[in-house]
Amino acid sequence: MTRSPSTDTTLPDDLGPAFVTALQGALEDAAPALGDLDRRAGDGDFGDNVRTAMKNLARELESAEPEDYRGWVTAMSRAWLGVGGTSGPLFGMFYRDLAKAAGDGEAPDLGALAEALEAGQAVIQKYGEAEVGDRTMVDALAPAVVALREAAQAGKAPAEALAAAEQAAIEAARGTAELTARRGRASYVGETAKGVMDPGACAMGLVVGALRVAVEADGGEVAADWIE
Amino acid sequence: MTRSPSTDTTLPDDLGPAFVTALQGALEDAAPALGDLDRRAGDGDFGDNVRTAMKNLARELESAEPEDYRGWVTAMSRAWLGVGGTSGPLFGMFYRDLAKAAGDGEAPDLGALAEALEAGQAVIQKYGEAEVGDRTMVDALAPAVVALREAAQAGKAPAEALAAAEQAAIEAARGTAELTARRGRASYVGETAKGVMDPGACAMGLVVGALRVAVEADGGEVAADWIE
Amino acid sequence: MRRSIVNDPDQLVPEALEGFVLSHPGRLALDAEHRFVRRAEPARDKVGLVSGGGSGHEPLHAGFVGPGMLDVAVAGAVFASPTALQVLEATKAADSGRGVVQIVKNYTGDVLNFRIAGEISGDDEVETEIVLVDDDLATDTADGGGPGRRGTAATVIVEKICGAAAEEGQDLAAVADLGRRVAASARTMSLALAAGTHPGDEEPQFSLGDDEVELGVGIHGERAARRVPFTTADGLTDLLLDPLLEELDLSRGDELLAIVNGLGGTYPLELNLVARRLHRRLADAGMSVGRSLVGSYVTSLDMHGVSLTLMPLDAELTRLWDAPVATPALSW
Amino acid sequence: MRRSIVNDPDQLVPEALEGFVLSHPGRLALDAEHRFVRRAEPARDKVGLVSGGGSGHEPLHAGFVGPGMLDVAVAGAVFASPTALQVLEATKAADSGRGVVQIVKNYTGDVLNFRIAGEISGDDEVETEIVLVDDDLATDTADGGGPGRRGTAATVIVEKICGAAAEEGQDLAAVADLGRRVAASARTMSLALAAGTHPGDEEPQFSLGDDEVELGVGIHGERAARRVPFTTADGLTDLLLDPLLEELDLSRGDELLAIVNGLGGTYPLELNLVARRLHRRLADAGMSVGRSLVGSYVTSLDMHGVSLTLMPLDAELTRLWDAPVATPALSW
Ligand SMILES: Nc1ncnc2c1ncn2[C@@H]1O[C@H](COP(=O)(O)OP(=O)(O)O)[C@@H](O)[C@H]1O
Ligand SMILES: Nc1ncnc2c1ncn2[C@@H]1O[C@H](COP(=O)(O)OP(=O)(O)O)[C@@H](O)[C@H]1O
Ligand SMILES: [Mg+2]
Ligand SMILES: [Mg+2]
Ligand SMILES: [Mg+2]
Ligand SMILES: [Mg+2]
């Protein structure tokens, strides 16, 4: 059965908490693996940075007590803005645009979410000045944005559309192992990074995975076993 | 022929320049030996201090162009006041009192000189707080003052009186080799100074020797061969 | 080996900030959560000035908070940028309604976190302008590629000049323009005889041979591109002065602002020798040191070295430099 | 090994003085022959203040010449007293007809040369009073024999308080009395993690084991009587603070003036940790740091260490401490 363009594109009311909670769990679990990647092809602090972000997130959630999608995603944004380094402010800006997908008290629909992801990609590139292929988080995000837009235009249901986006992100993140870094601390280690996936791209794969989990009816798990 | 109490006690008009010039030569010659003594039983800088004083003296004489006893001896005082350390200010004060022996334009007579030497000893002891036997310049000065006073009271002629004082000073300076220092840097080396004459006491012996030379008609040399 | 006076190295910055602010009661206040120091009595109705960056450069930046200079200084860990969130909160604290100039040393992390904080501060309706300080001549690349020149001791001049302009009521654009003018015209050269040691570490960040001097060091213990032979104070000064004079294109009669800056482990006697040579050489060239600072203002922990910053003066810059200032590290 | 930024080590002091005075045009002047720094604009009709001593303690003393503090500072060679003649000329230069207070750290050579200069200055009809600073608790001997306690960082307090009193027109005896009151009530304890290195030398004045701290050091690189185990910033602070509190006999509610003083190679982050511990401990004991300085004011070349000076405040001392001062190293 193919879906018509009139398919229901609304996303669950609890998208915010569902997304943020799923991602929180996934990042906490993946922190050691992500740190390991940054040690092998970077300056080794990304695992700590993820952990700091998650600590900040817990504090933000406690103090802000968010009630809607925007509030929950804003908490994630502030959590990363409190990290420093390169990935902190870039993820922070990314989530800030993601939070803007919906007005107060609402959750976005699929189209608004896709646009917000695209805006998030743009802001990362604006400040980070990385192009696709530079071996950064952008490499995972860009194909996910394309996949999501295409799936949405093809009238796919949200869960299916996000599953496609997640697959695109994971594949691209895997592909960063063959790229040479031109941005961030990893750029100093040059060719020796070959064969090692970019940790920021992997984290971005988890982000899209958490979105998928948040819109799925049965609320599955974020896949992370591909990160190693 | 014994001299009567009415012996002429006036000192030569050129006492100032004669004394200062004789001492200048003696100290310049003895500087290495004095430095050596301070190295063996002190902190080793006394030779340099003597040289600095003589450099200062040359400059003082050039700039002040002294015309009388007081001016010449004041130049010697300022020369030592410009040395620093312990011996610099003490010798500086000593010569300052020595300079006061005569009014402007005059040379002192033997009695005034003896009193001035005594005042000089007092000022050294006031500021240096050394007693006879502490292994300092005082050890040479004190017996010279006594000898000079006695010789003067006995009606001896100036040259003879000063020769007696010089002998007393030299003997006492030699005797410092058997003393343990209780003042100045030499006090830190304690017993190891035994057998080494105190350089300040030796220098004081040269001072009295230069006075003797300055009053002698034939202007002999200051004996310094006893310093070793 | 250098041992540090430190408790838990991870808590060094917050503890040091606490001690610093306690030492200036009634004049400074601390936001412990966001690790910024602000004036105890916030200024009203003037352009705000916020600066900051990694720690280890003291008295920069918190030492320059006070009337006539910064409103707020925000501190990262040793040699690490503060986070965007810290900068955001610091920027908001510096605002009294007329916007905020952010003074940022040109390092990738600092620039990113300050730019982003500036962007976000718009959410709170704070207008911001960034002034980038990039005075380090040793990192000048002719083609302008890469991250550009690093920011070092000229930061003090930018903070002072902008501070005076803000205090006299100039508006956001004017204050930022002045800062950019200073940054564009000031240049610095630095050298080290020995690297600094991170608190908690035992070994310095790099080591040199007995007859080597690291020429063109930055303030984070990075090694420089050149190692040159060790020489006298005059010779070392010339190593800094020659390239600066070549770069600055000065003429006889010019008056300069100079900062002879110790990098942390340099004692004043040494800095005064550098100052002496500087004055003599400029006088010989028919120029003069119109204003100067000689001291340790922008340090790299206890690095033993010196930097020399020169900037041509004009009447306006001189007036702003001379304007009153009352901060822990600069005051007249 | 530490290499110094120096030309001819024998010319270090005159060259450094030249550079220092060149760096403060219109504010300071140099007598090169007698190696003293004086105010460019000599004060009139006030009690003069002269201080000085060996070099290597910068910014002491020349850094404290200016309105509200010293009139003249005279410099000996590194760690050596100036000569009596230098002190004499410096004393004469400090006189504006109302007499001169000579502030002298208690070291045999300094005391001798200052006392004698004071005596001789009578020839030029300058009235003098000596204030001896002897705050170093580590050299306190119960029986009062020997040379007595050394003079260290309390010198800054004496110079500031006497400076303010002189500036407000108090007479010679009153200014000297105030100085003596400060000297009698201020006490200092110092420790070092590493000794300083003489300019021109390559080795530090002493070396310590990795887990040793020299407790009770002076400011001339003398070894202290005690070596204690290395510990945290808080622990090190307590090593200084405990004996001071025991000595000073304070009560709850007392307000203190504190100087947390770096000995030359200590970076501000470290000093701020000491300040923090000090504030916290005094607060716990119901006392407070009413006024304080935290910085490197009385150094021992590049010695890595810290001294802590405490003095109980009363209304008069607080007023004089707060009075305006405008010198290179202290200004408010
Ligand atoms: N300029 C950039 N633009 C986009 N992403 C970047 C950039 N620089 C680094 N990153 C991402 O950040 C990740 C590393 O983050 P982190 O370790 O926190 O930062 P840093 O590189 O400063 O140590 C990299 O794996 C990469 O994906
Ligand atoms: N307190 C004192 N009183 C008198 N003479 C002293 C005293 N201390 C030292 N001297 C004299 O000074 C001489 C040493 O002079 P010098 O080397 O210049 O001084 P220092 O001992 O400071 O190095 C000694 O040989 C001694 O005669
Ligand atoms: Mg990293
Ligand atoms: Mg990093
Ligand atoms: Mg000696
Ligand atoms: Mg000596």
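Each chain gets a letter, A, B and so on, in the order the sequences are listed, and its residues count up from 1.
No side-chain N or O of D:Glu203 forms a donor-acceptor pair with one of D:His198 less than 3.5 Å apart. For the 3.5 Å distance criterion, the side chains of B:Glu129 and B:Gln125 fail to qualify, holding no donor opposite an acceptor. There is no side-chain donor-acceptor pair under 3.5 Å between B:Thr176 and B:Asp139.
Counting heavy-atom pairs closer than 4.5 Å to chain D, the top residue among B:Leu90, B:Val83, B:Asn56, B:Leu81 is B:Leu81. Put simply, of B:Gly88, B:Ser77, B:Gly128, B:Gly85, the one with the most heavy-atom pairs under 4.5 Å next to chain D is B:Gly85.
Under the 6.0 Å cut-off for aromatic ring centres, D:His57 and D:Tyr297 do not qualify, their centroids lying 6.0 Å or more apart.
Contact annotation for D:Leu88: only side-chain heavy atoms (C-beta onward) come within less than 4.5 Å of a heavy atom of chain B. Contact annotation for D:Glu89: only side-chain heavy atoms (C-beta onward) come within less than 4.5 Å of a heavy atom of chain B.
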